Amino acid sequence: MIKVINVVGARPNFMKVAPIVAAMKKRPRSFQPLVVHTGQHYDASMSDAFFTDLELPTPDTHLGVGSGSHAAQTAAVMERFEPVVLAEKPDWVLVVGDVNSTLACALVCVKLGIKVAHVEAGLRSRDRTMPEEINRLLTDQIADLLFTTSEDADQNLLAEGIPSERIRFVGNVMIDSLIKNLERAKQSTIKTKLGLAERTYAVLTLHRPSNVDNRETFGRILDALETISHSLPIIFPVHPRTRKTIADLGLSDRVQSMTNLRLIDPLGYIDFLELYSTARLVLTDSGGIQEETTSLGIPCLTLRHNTERPVTVELGTNVIVGTDTEKIVTAATAALNGSSSHRVNQLPLWDGHAAERILDALEEVTAHS
Ligand code: UD1
């Protein structure tokens with residue numbers, strides 16, 4: 001029996017861990033899964049809604065760390081996670097993605113000699129001003145087993161000196177969740193509630209500190225959104241960080257004056273999936289949404305200067321547009337004038353079975369250690 005602590009902390013973790021825990025429950029003779037929630041995200045709309053939508057079991061342990069500076073948050077996760085690991089003595093701790101909780105839990109385990117598996121390893125933006133890039137680099141250096149979503153990630157890890165026997169290209173667990181829930185999402189009434197018809201609107205998400213904590217950058221993005229919103233409504237589920245900075249930077253009046261930019265509360269997994277899956281265009285600074293839109297063939301403009309997910313540009317529908325007003329508008333116009341086939345793209349191993357491959361590898365590596 002392989003006892004695994006599966007760590008979740010922030011919103012983008014839930015849809016990655018859900019298929020892994022579900023797959024473990026289907027192999028009860030091999031796996032004993034536990035779920036630990038660090039509490040990095042705690043608002044109902046940022047956390048609870050995802051447990052319900054994704055049928056994630058209630059966490060066995062909730063560390064309740066909440067918000068704080070990077071140092072305070074990372075340290076709080078470490079202090080509270082260590083006694084859980086000591087008490088549970090798992091065979092593996094599985095961490096996903098690149099949030100502060102990912103690195104904090106990996107660091108606790110490596111010091112205790114507990115094996116760590118990192119899901120979504122090897123992604124690199126090469127931008128060390130991004131907190132997530134530091135979390136990725138450090139987690140990958142200390143993890144025992146590295147599960148990758150694309151072959152470029154394997155190359156990144158090898159170039160950093162990580163032995164090939166630690167790396168497994170398994171595909172994308174986030175796409176496991178997408179494929180599983182796409183039909184169910186059609187039951188969502190979100191479009192009716194918002195009075196929207198298919199492919200007549202854009203969806204926007206924005207939460208990176210580099211975009212929303214800086215008045216000048218945020219202002220340039222708003223200028224672009226203003227122009228784009230003359231062509232179609234832009235639906236903007238607002239992340240709590242962004243809601244706070246709109247007020248703090250004195251941008252509330254500006255945002256409210258843009259009638260076709262429609263601010264709404266953050267959505268749960270199913271409602272958001274239904275919303276973006278029939279959008280004409282998505283504008284985002286998220287990592288995961290670049291992959292989800294690629295998988296569904298939806299035009300995506302990434303409001304960043306780089307991406308850690310280059311396959312979404314090479315094989316998918318993603319365009320990196322940065323934060324220059326004119327560049328964003330030009331790219332949006334091109335996307336809106338182009339044919340939007342909404343063809344489902346299947347990238348190698350983004351097939352709905354990544355979680356099973358992860359379990360196979362965990363079984364195999366555990367048997368040989
Ligand atoms: C975190 C991740 C980021 C991920 C994002 C997804 C890190 C370094 N960053 O960024 O990689 O893309 O989650 O959302 O781990 N807040 C609330 N309620 C919540 C959570 C946050 O109000 O439930 C507010 C607080 O003011 C908090 C701020 O949002 O200080 C930022 O939260 P934090 O978890 O530090 O970072 P995110 O910007 O959410």
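Here the structure is a predicted model, which is why all the values come from computation and not from measurement. Counting starts at 1 for both ligands and their atoms, in listed order.
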Closest protein heavy atom to atom 16 (N) of ligand 1, given as residue, atom name and distance to 0.1 Å: Tyr42 OH, 3.6 Å

Please state whether the rings of His41 and His239 are parallel, tilted or perpendicular, taking 30° and 60° as the class boundaries. perpendicular

Heavy atoms of other groups near Lys191 NZ, more than 12 under 6.0 Å: yes

Protein contact to atom 26 (O) of ligand 1 [nearest heavy atom, distance to 0.1 Å]: Lys244 CD, 4.1 Å

Between Arg215 and Leu249 (side chain of the first, backbone of the second, donor and acceptor by atom type, cut-off under 3.5 Å), is there such a pair? yes

Contacting atoms of ligand 1, where contact means under 4.0 angstrom from a heavy atom of His207: 4 (C), 5 (C), 6 (C), 12 (O)

Distance from atom 27 (C) of ligand 1 to nearest protein heavy atom, with residue and atom: Ser67 OG, 3.2 Å

Check this for me - ligand 1, Asn100, N or O atoms closer than 3.5 angstrom, yes or no? yes

Examine Gln40 against ligand 1 and note whether any of their N/O atoms are separated by less than 3.5 Å. yes

Quick one: do Glu308 and Arg124 make a salt bridge, cutoff under 4.0 Å? no

Testing the basics here: between Ser101 and Val77, what is the closest heavy-atom pair and its distance to 0.1 Å? OG-CG2, 4.2 Å

Test of proximity, His41 against ligand 1: N or O pairs below 3.5 Å: yes

Indicate, as side chain, backbone, both or neither, the part of Pro209 found under 4.0 angstrom from ligand 1 when only non-hydrogen atoms are considered. neither

What are the atoms of ligand 1, with element, lying closer than 4.0 Å to any heavy atom of Gln73? 34 (O), 35 (O)

for atom 38 (O) of ligand 1, nearest protein heavy atom and its distance come out as Arg241 NE, 2.7 Å

Heavy atom of the protein closest to atom 3 (C) of ligand 1 (residue, atom name, distance): Glu132 OE2, 3.1 Å

Leu275 vs Leu196 side-chain heavy atoms within contact, under 4.5 Å: yes

Write out the residue and atom name of the closest protein heavy atom to atom 6 (C) of ligand 1, then the distance separating them to 0.1 Å. Pro12 CD, 3.4 Å

Under a 4.0 Å N-O cut-off, is there an ion pair linking Arg357 with Asp351? yes

Among all protein heavy atoms in this structure, tell me which lies nearest to atom 22 (O) of ligand 1, with the distance rounded to 0.1 Å. Pro240 CB, 3.2 Å

So which heavy atom in the protein is nearest atom 18 (N) of ligand 1, and how far is it from that ligand atom? Asp43 OD2, 3.0 Å

Checking contacts here: is it the side chain or the backbone of Met46 that comes within 4.0 Å of ligand 1, counting heavy atoms only? Could be both or neither. side chain

Intermediate values then yes/no, side-chain contact (heavy atoms from CB on, under 4.5 Å), Asn172 and Asp176: CA-CA 7 Å; Asn172 195 327; Asp176 287 8; over 6 Å; no

Does Glu364, at its CD atom, have more than 12 non-hydrogen atoms belonging to other residues, nucleotides or ligands within less than 6.0 Å? yes

Leu34 side chain near Glu88 side chain, heavy-atom distance below 4.5 Å: yes

